Amino acid sequence: SYSFENIDAKLKGLKERGFANPVRLVEKKAHLFSYSFENIDAKLKGLKERGFANPGRLIEKMASIFGYSFEKIDAKLVGLRERGFANPTRLTEQFSAIFSYSFENIDAKIEGLRERGFANPGKINREKSTAFWLCP
């Protein structure tokens with residue numbers, strides 16, 4: 001139920017799990033209230049196991065990642081690594097929108113950069129600037 005008591009308990013629990021702004025998070029992803037803390041903890045643990053330094057911040061930045069299966073997340077990380085990105089976890093932390101890009105689009109961008117003389121687009125300066133180059 002959505003009693004103030006339950007809302008307060010959910011917000012408190014999210015804060016205890018490292019979410020800086022639980023109210024904003026719930027505003028972006030209201031159905032988070034329907035998830036048990038067991039489900040939330042499992043998502044945070046799974047993201048941490050995949051090398052994400054601050055899974056709570058990643059979820060706050062891109063709340064939709066909470067709905068992604070670990071298979072989809074793993075496939076994206078593996079695919080980015082196969083395309084020459086040395087640290088895809090860090091790249092996705094800095095540029096979470098990359099989860100929404102298809103590999104077809106990423107490959108086209110990488111190929112376009114190679115055609116323009118970039119030898120290794122996955123290592124342009126720093127990963128944050130690499131994310132800039134991948135923007136549509």
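Hydrogens, waters and symmetry mates play no part in the numbers below; they use all other heavy atoms, side chains included. In this chain, numbering begins with 1 at the start of the sequence shown. Given the structure is predicted, the values throughout are model-derived calculations rather than measurements.
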Output the distance between atom [atom1] ([X]) and atom [atom2] ([Y]), rounded to the nearest 0.5 Å.
{"X": "L58", "Y": "F99", "atom1": "CG", "atom2": "CZ", "answer": "6.5 Å"}
{"X": "I65", "Y": "I73", "atom1": "CD1", "atom2": "CD1", "answer": "4.5 Å"}
{"X": "F95", "Y": "M62", "atom1": "CZ", "atom2": "CE", "answer": "10.5 Å"}

Requested in this report: Please lay out, stage by stage, how E82 and V78 fare under the test side-chain contact (heavy atoms from CB on, under 4.5 Å).
Outcome: CA-CA 6 Å; E82 289 171 349; V78 167; 3.5 Å; yes
Query raised in the report: Do L80 and T92 touch side chain to side chain, with heavy atoms closer than 4.5 Å?
Result: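 Touching, per the 4.5 Å side-chain cut-off.
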Query raised in the report: Does S102 have any side chain to side chain donor-acceptor pair (under 3.5 Å) partners at least two apart in sequence or in another chain, and if so, which?
Result: N105
Query raised in the report: Is V23 reachable from I40 through a run of hydrophobic residues whose side-chain heavy atoms are each under 4.5 Å from the next?
Result: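 Yes, because I40 and V23 connect within a single hydrophobic cluster, where side-chain heavy atoms sit under 4.5 Å apart.
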Report task. Following the transitive rule for hydrophobic clusters with a side-chain heavy-atom cut-off under 4.5 Å over Ile, Leu, Val, Met, Phe, Trp and Tyr, establish whether F70 and Y35 coincide in one cluster. Result -> yes
With a cut-off of 3.5 Å and sequence neighbours excluded, list every side-chain donor-acceptor pair involving residues 44-53.
unit_1	atom_1	unit_2	atom_2	d
K48	NZ	A53	O	3.2
R50	NE	D74	OD1	2.5
R50	NH1	G46	O	2.9
R50	NH2	D74	OD2	3.2

Report task. Return yes if some donor-acceptor pair links the side-chain N/O of R83 with the main-chain N/O of G79 below 3.5 Å, else return no. Result ->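 Side chain of R83 to backbone of G79: a pair is present.
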Report task. Without swapping roles, check the side chain of K10 against the backbone of S34 for a donor-acceptor pair under 3.5 Å. Result -> no
Report summary line: When every non-hydrogen atom of P88 is compared with those of R81, the smallest separation belongs to CD-NH2, 3.2 Å
Report summary line: For K61 and Q94, the nearest pair of non-hydrogen atoms, with its separation, is NZ-O, 2.8 Å
Report task. Kindly write out the residues that satisfy salt bridge (Lys or Arg N to Asp or Glu O under 4.0 Å) with R114, not counting sequence neighbours, or none if the list is empty. Result ->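 R114: no salt bridge (Lys or Arg N to Asp or Glu O under 4.0 Å) contacts found.
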**Report entry** Stacked cation flag K76 on F103, 6.0 angstrom / 45 deg
**Finding:** yes
